[in-house]
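Ligands are counted one by one from 1 in listed order, and the atoms in each one are counted from 1 as well.
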Amino acid sequence: MPLDLSVKLGPLELASPLMTASGCSGYGKELDRYHDLSVYGALVGKSISRNPRLGNPYPRTAETAAGMINAIGLQNEGFDSFVKETLPKMRGFGPKAVVNIVGHDFDEYVWLTERFDAEPGIAALELNLSCPNVAGGMRFATDAAECEKLVRACREKTRLPVIAKLSPNVTDVCEIARAAEAAGADILCAINTLVGMAVDWRARKPLVANVTGGLSGPAVKPVALRIVHQVSRAVKIPVIGIGGISNADDVLDFMVSGASAVQLGTILFVEPDAGQTIYNGLKSRLLDAGVQRIADIVGTLETGR
Ligand SMILES: Cc1cc2nc3c(=O)[nH]c(=O)nc-3n(C[C@H](O)[C@H](O)[C@H](O)COP(=O)(O)O)c2cc1C
């Protein structure tokens with residue numbers, strides 16, 4: 001029997017549990033030159049807003065121990081250009097195309113959801129509820145009632161699977177997860193970046209012009225793993241794990257802890273072909289472990305409680 005790497009996340013079926021994480025590899029063409037993208041079940045694009053956004057002033061990224069801080073500020077080409085220029089190419093790479101959206105306010109999310117619903121060839125809509133690098137960008141991810149209201153309004157405007165992307169920057173992430181589920185989200189994904197800072201004490205300057213930024217990379221993996229573990233037990237809908245995944249063992253750590261699929265983010269800046277390496281690694285790890293269907297390991301962690 002051949003290995004089966006396919007996974008089913010409610011209405012979203014993927015040939016592989018690997019996805020790209022929003023904002024870390026553009027919309028497909030940035031990775032296409034490195035390897036055959038069919039190792040990915042889906043490509044998730046950088047957040048798209050209604051109007052083009054220039055993002056924050058430079059510098060916008062800084063390296064930290066085992067990670068990076070970014071404060072890009074949601075730079076993107078805006079809905080019209082994305083639909084005309086980028087989405088058709090994104091659909092052509094093979095993996096399913098997942099569109100990640102972000103709004104300044106409630107109405108912008110709903111507007112985007114309605115518009116994307118009318119576009120062909122989109123496998124799911126991911127709601128970036130939680131951008132820590134723009135003013136007011138955290139409201140929908142930190143207040144359960146606001147989150148529920150927004151996810152419900154988007155849910156009503158589309159037939160596409162809705163993925164709610166959660167922030168780790170909250171006291172009780174399960175409360176927000178349950179609010180998104182109650183509002184009709186089909187899938188959750190966790191985590192977005194952790195608010196952090198990096199400074200140059202000699203210059204008395206922060207390393208990113210925005211002062212604070214989002215921490216990502218291997219440094220955040222233990223936090224992401226804890227959140228995926230907690231959230232997957234708190235809701236009935238599937239969870240996508242993200243945060244510091246750098247190799248096949250990281251993927252399997254997330255999957256046994258409750259993730260039905262995973263996203264690769266910061267690792268793609270270091271190793272743009274990580275999708276291929278990790279895909280190969282997954283196959284050999286599963287063969288070694290005598291596992292034929294990767295879906296069988298989801299949530300199999302034994303905690304004794
Ligand atoms: C440079 C950069 C840009 C990002 N842009 C977005 C974005 O536009 N929308 C979004 O939902 N998440 C964005 N993220 C968050 C990632 O998708 C991911 O949730 C986070 O980086 C944790 O995963 P990682 O440690 O594997 O990178 C961005 C992350 C980085 C590093």
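For ligand 1, the atoms sitting less than 4.0 Å from at least one non-hydrogen atom of A21 are 17 (O), numbered in the order shown with element in parentheses. The atoms of ligand 1 that sit less than 4.0 Å from any heavy atom of T193 are 20 (C), 21 (O). Of all atoms in ligand 1, listed by their number and element, those nearer than 4.0 Å to a heavy atom of L74 are 8 (O). For ligand 1 and C24, the ligand atoms under 4.0 Å from any heavy atom of the residue are 29 (C), 30 (C), 31 (C). Remark: ligand 1 atoms within the under-4.0 Å shell around heavy atoms of S22 are 4 (C), 5 (N), 6 (C), 7 (C), 8 (O), 9 (N), 10 (C), 11 (O), 12 (N), 13 (C), 14 (N), 15 (C), 16 (C), 17 (O), 28 (C). Counting atoms of ligand 1 from 1 in the listed order, those under 4.0 Å from a heavy atom of G244 are 24 (P), 25 (O), 26 (O). With ligand atoms numbered from 1 in the order given, ligand 1 contributes 7 (C), 8 (O), 9 (N), 10 (C), 11 (O) to contacts under 4.0 Å with heavy atoms of S47.
The shortest N/O to N/O separation between G217 and ligand 1 falls below 3.5 Å. For ligand 1, the polar-atom distance check against E126 finds no nitrogen or oxygen pair separated by under 3.5 Å.
If you check which protein heavy atom lies closest to atom 23 (O) of ligand 1, you get I242 CG2, 3.4 Å. At the shortest separation from atom 21 (O) of ligand 1 among protein heavy atoms lies S216 CB, 3.3 Å. Atom 15 (C) of ligand 1 has N192 OD1, 3.5 Å as its closest protein atom, hydrogens excluded (heavy atom only). Remark: minimum distance from atom 5 (N) of ligand 1 to any protein heavy atom is reached at K46 NZ, 3.1 Å. Atom 3 (C) of ligand 1 has G23 O, 3.4 Å as its closest protein atom, hydrogens excluded (heavy atom only). Among protein heavy atoms, the minimum distance from atom 2 (C) of ligand 1 is reached at N70 ND2, 3.4 Å.
Looking only at atom types and distance, the side chain of T86 has a donor-acceptor partner in the side chain of E77 under 3.5 Å away. Looking at N100 and S47, their side chains do bring a donor and an acceptor atom within 3.5 Å of each other.
Using a 30° and 60° split on the angle between ring planes, F106 and F140 fall in the tilted class, from 30° to 60°.
Between L264 and I267 the shortest heavy-atom distance is CB-CG2, 4.0 Å. L43 and G28 make their closest contact through CD1-CA, 3.9 Å (heavy atoms, listed as atom of the first residue, atom of the second, distance).
Each ring-ring contact (aromatic ring centres under 6.0 Å, His included) pair with one or both residues in residues 40-79, not counting sequence neighbours, appears once here: F79-W111, F79-F116. A ring-ring contact (aromatic ring centres under 6.0 Å, His included) check over residues 238-284, counting only residues at least two apart or in different chains, returns nothing.
Annotation: side chain of K96 is in contact with side chain of E13 (closest heavy-atom distance under 4.5 Å).
For E30, the CD atom sits in a packed shell: over 12 heavy atoms of surrounding residues, nucleotides or ligands are nearer than 6.0 Å.
Only side-chain heavy atoms of K165 come within less than 4.0 Å of ligand 1; its backbone N, CA, C and O stay farther off. Residue contacts with ligand 1 for T266 involve both N, CA, C or O and side-chain atoms from C-beta outward (heavy atoms, distance under 4.0 Å).
Side-chain atoms of R91 come within 3.5 Å of backbone N or O of P120 as a donor-acceptor pair.
Among I72, N210, N70, L74, the one residue that satisfies the side chain to side chain contact (heavy atoms under 4.5 Å, CB included) test with N56 is N210.
Residue I191 places a heavy atom less than 4.0 Å from ligand 1.
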